[in-house]
Amino acid sequence: MSLWAKRLAWGFLAALTIAAVVAPWLPIVDYRAMDADARLLPPGSEGHLLGTDAQGRDLLARLLFGARISLLVGAVGTLVAMLIGLPYGAVAGLRGGRIDRFLMRLADALESVPMVVMVLFLLSILREYRVEMEVIGFGRLQLFLVAIGFLFWLPTARVARAESLRISRLPFVTAARLQGMSTRAQLRRHILPNLWPTLRVMWLLTIPRVILMEAFLSFLGLGVEAPAVSWGGLASDGLAAMNPLVASWWLLALPSAALVLTLLALQQVGRGEDGST
Amino acid sequence: MNARFLRRVLMLLATILLVHAAAFFLMRTTRGGPFDEARALDPQVKLALEQRYGLDDSLAVQYWHALTGLWQGDFGPSLRYREVSVADLLADALPVSFAVGGGALLWGLLFGIPLGMIAAGARRRLLGQSATTLATVLLALPNFVLAGAAIALFSFTLGWLPPAGTGGLAHLFLPSLCLGLPLAAQISLLVRDAASERWQSAGVRHARALGLSGQRLWWAHILKPSLTPVLAFLGPATAAVLTGSLVIERIFALPGLGTFFVEAALNRDYTLALGVTVVYTALLGLATFLADVLLMKLDPRVEALS
């Protein structure tokens with residue numbers, strides 16, 4: 001059962017990723033093209049398999065291009081978080097003593113700041129410096145990726161610290177240290193390579209949280225900006241378009257379904273990897 | 001215990017002060033201000049406004065004002081909602097957020113604990129497995145998806161509950177439920193794991209060997225010890241409620257803290273954003289603190305370990 005679910009989840013994610021990657025070359029309608037004659041078509045309409053939104057834009061195309069953003073933010077945002085958290089935790093664990101205490105105190109302090117506070121401050125400040133950032137090639141999306149990475153590095157740092165502490169006490173590392181190997185060399189030769197399996201699991205477990213955060217922010221209108229779309233933004237539009245008179249359920253239901261299925265698949269894939277059931 | 005207690009209180013106060021200072025200086029030293037609008041204001045008008053709110057003083061003086069204000073619970077006037085003080089806005093918004101957030105925690109416990117016990121007690125049967133599956137699916141449902149589905153079903157199709165706004169318990173039902181169900185999923189998984197572990201423990205095996213079974217076994221020997229992880233979850237749960245409330249309050253058009261906070265941060269309403277930041281940090285700190293103290297009371301091993 002479990003194995004079967006896992007295979008299914010991997011298959012779904014693989015198919016989704018491929019579809020997202022090749023979306024620009026697929027024979028689908030432009031996801032930005034509005035069509036006044038084809039507004040709010042239900043799924044199954046001719047030429048619009050999944051229907052259209054209030055501006056007559058094709059929902060299938062929008063979902064596919066939304067997948068690009070959601071998956072990209074999930075994968076790359078998590079990577080950024082790891083790139084910050086890994087060295088931080090590894091240094092704390094390996095050096096120990098005062099450095100460790102200081103770094104971990106700092107992490108504790110950051111952890112006691114509610115995430116919403118952090119997010120809103122980060123995004124509202126980044127907004128003000130958008131023009132300068134664009135000069136050095138940092139668009140809205142890249143800024144967003146950095147912000148996401150900045151929010152999620154703490155758990156990685158803690159895990160990396162605990163693991164590097166464990167590894168640094170193993171006999172072969174002790175032997176290397178006693179033979180005079182420098183901290184940096186220990187880190188590179190022994191600690192980091194052995195952190196890899198743990199990190200793989202952390203990466204898998206963090207991706208769904210990051211995707212959820214992106215959807216949450218896009219839902220609040222703080223995510224990627226039009227004309228780019230993400231699933232959270234699509235769901236937000238769908239919810240705004242919902243009222244008792246016009247039953248345009250697909251605008252909310254389909255982006256939500258895409259998001260939930262992806263999160264479920266990621267959950268299945270990460271399941272059991274951390275040793276739990 | 002007392003020394004530890006005091007240290008935790010001091011740490012909480014220090015955290016609030018630090019976050020307050022960090023938020024204050026971050027907002028003031030970065031570009032953009034509350035009076036920057038699409039259409040630039042007349043420089044003289046802007047200057048007059050800044051003078052009125054004391055924004056032309058030196059940063060140190062302004063920080064001193066903010067600090068003394070914090071001590072007195074006075075965050076000054078809102079820069080966007082003219083003629084209203086931040087304290088008044090907070091006093092209006094807090095009850096709304098408390099009702100929704102508290103309701104969410106309640107739903108979480110109310111659904112989560114039985115669901116977890118079912119999942120543990122019947123784990124070899126279809127019932128228990130479906131309880132686990134339900135929890136896993138709920139865990140993957142973002143708040144806004146739940147909210148959209150709930151509004152479509154209960155408000156638009158069945159017409160039982162109002163889709164938005166305030167005015168009584170009926171208006172709080174759906175928001176707190178949508179905020180609380182993901183918590184219930186997490187709580188149920190915590191309870192399930194703890195209860196399964198208890199079931200296999202030497203104590204429970206001994207009790208069963210002595211002939212204990214049924215209600216007494218489940219209530220006293222399995223359920224009660226399984227609630228410790230739930231208590232420890234109080235801190236993270238509060239954090240989740242704070243985050244989720246931003247979305248939920250927007251969807252249900254509730255005038256709570258979250259709604260004000262998003263607007264304040266984007267409009268650079270310094271005083272209001274600072275006020276909400278302090279309230280959020282204090283709430284999260286208090287919840288974590290409370291959980292720790294209760295845990296220590298219930299389980300002396302926690303104190304001995306730390």
Side-chain angles (χ1 to χ4, degrees), chain A residues 1 5 108-129 131-132 208 211-213 215-222 231-232 235-236 238-240 242-245 247 249 251-253 255-257 259-268 271 276-277, chain B residues 11-12 14-16 18-19 22-23 26-27 30-32 36 129 132 136-137 139-149 151-152 155-157 159 163 189 193 196 235 238-240 242-247 250-251 258 261-262 264-268 273 276-278 280-281 283-285 288:
Chain A
M1 162 65 196
D108 283 344
L110 281 174
E111 206 141 69
S112 61
V113 183
M115 198 176 243
V116 272
V117 170
M118 207 101 100
V119 154
L120 279 182
F121 272 85
L122 218 56
L123 288 178
S124 69
I125 286 165
L126 286 178
R127 251 169 192 231
E128 300 290 340
Y129 293 91
V131 180
E132 284 90 336
I211 290 184
L212 201 56
M213 181 48 102
F216 165 80
L217 290 173
S218 293
F219 190 88
L220 287 177
L222 298 168
W231 288 342
S236 173
L239 198 65
M242 199 170 72
N243 63 60
L245 301 176
W249 54 270
L251 289 180
L252 176 62
S256 300
L259 188 61
V260 171
L261 282 177
T262 307
L263 289 174
L264 268 178
L266 282 165
Q267 209 179 357
Q268 286 299 322
R271 208 160 152 206
S276 72
T277 45
Chain B
M11 286 243 310
L12 178 58
T15 308
I16 293 176
L18 267 176
V19 172
L26 258 178
M27 276 192 296
T30 47
R31 193 185 323 138
D36 295 342
Q129 277 154 14
T132 307
T136 340
V137 173
L139 213 54
L141 284 177
N143 286 323
F144 55 83
V145 172
L146 271 175
I151 292 178
S155 301
F156 292 165
T157 312
L189 291 180
D193 287 351
S196 306
T238 307
L242 290 184
T243 311
S245 67
L246 258 58
V247 165
R250 166 175 286 210
I251 294 175
F261 191 40
V262 177
L266 293 182
N267 293 332
R268 314 305 296 268
V276 183
T277 300
V278 167
Y280 273 177
T281 313
L283 278 178
L284 183 58
T288 316

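Here is how names work: the chains are called A, B, and so on, in the same order as the sequence lines, proteins then strands, and each is numbered from 1. Everything numeric here is computed off the predicted structure, so don't read it as measured data.
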Part of B/V19 within contact of chain A (heavy atom distance under 4.5 Å): side chain
Gap between atom CH2 of A/W231 and atom OG of A/S218 - 0.5 Å precision: 12.0 Å
Toward chain A, the part of B/L242 with a non-hydrogen atom under 4.5 Å: both
Pairwise side-chain contact, B/I251 with B/N143, heavy-atom cut-off 4.5 Å (strictly under): no
Show me, pair by pair, the donor-acceptor contacts under 3.5 angstrom made by side chains of residues 110-121 of chain A, not counting sequence neighbours?
unit_1: A/E111; atom_1: OE1; unit_2: A/R158; atom_2: NE; d: 3.2
unit_1: A/E111; atom_1: OE1; unit_2: A/R158; atom_2: NH2; d: 2.8
unit_1: A/S112; atom_1: OG; unit_2: A/A109; atom_2: O; d: 2.7

Nearest-0.5 Å distance, CG of residue B/L246 to CZ of residue A/F219: 11.0 Å
Shortest non-hydrogen separation from B/P142 to A/L263 and the atoms involved: CG-CD1, 4.2 Å
Proximity breakdown for B/T15 and chain A, heavy-atom pairs closer than 4.5 Å: side chain
Side chain, backbone, both or neither of A/L252 within contact of chain B (heavy atoms, under 4.5 Å): side chain
Closest non-hydrogen atom pair, A/A235 against A/S256: CB-OG, 4.3 Å
Portion of B/A264 that has a non-hydrogen atom of chain A nearer than 4.5 angstrom: neither
Under 3.5 Å: donor-acceptor pair, side chain of A/S236, backbone of A/G232: no
Under 4.5 Å from a heavy atom of chain B, the part of A/A215 involved: both
Chain B contact via A/L259 - side chain, backbone, both or neither, heavy atoms under 4.5 Å: side chain
Toward chain B, the part of A/L212 with a non-hydrogen atom under 4.5 Å: side chain
Under 4.5 Å from any heavy atom of chain A - which part of B/T136: both
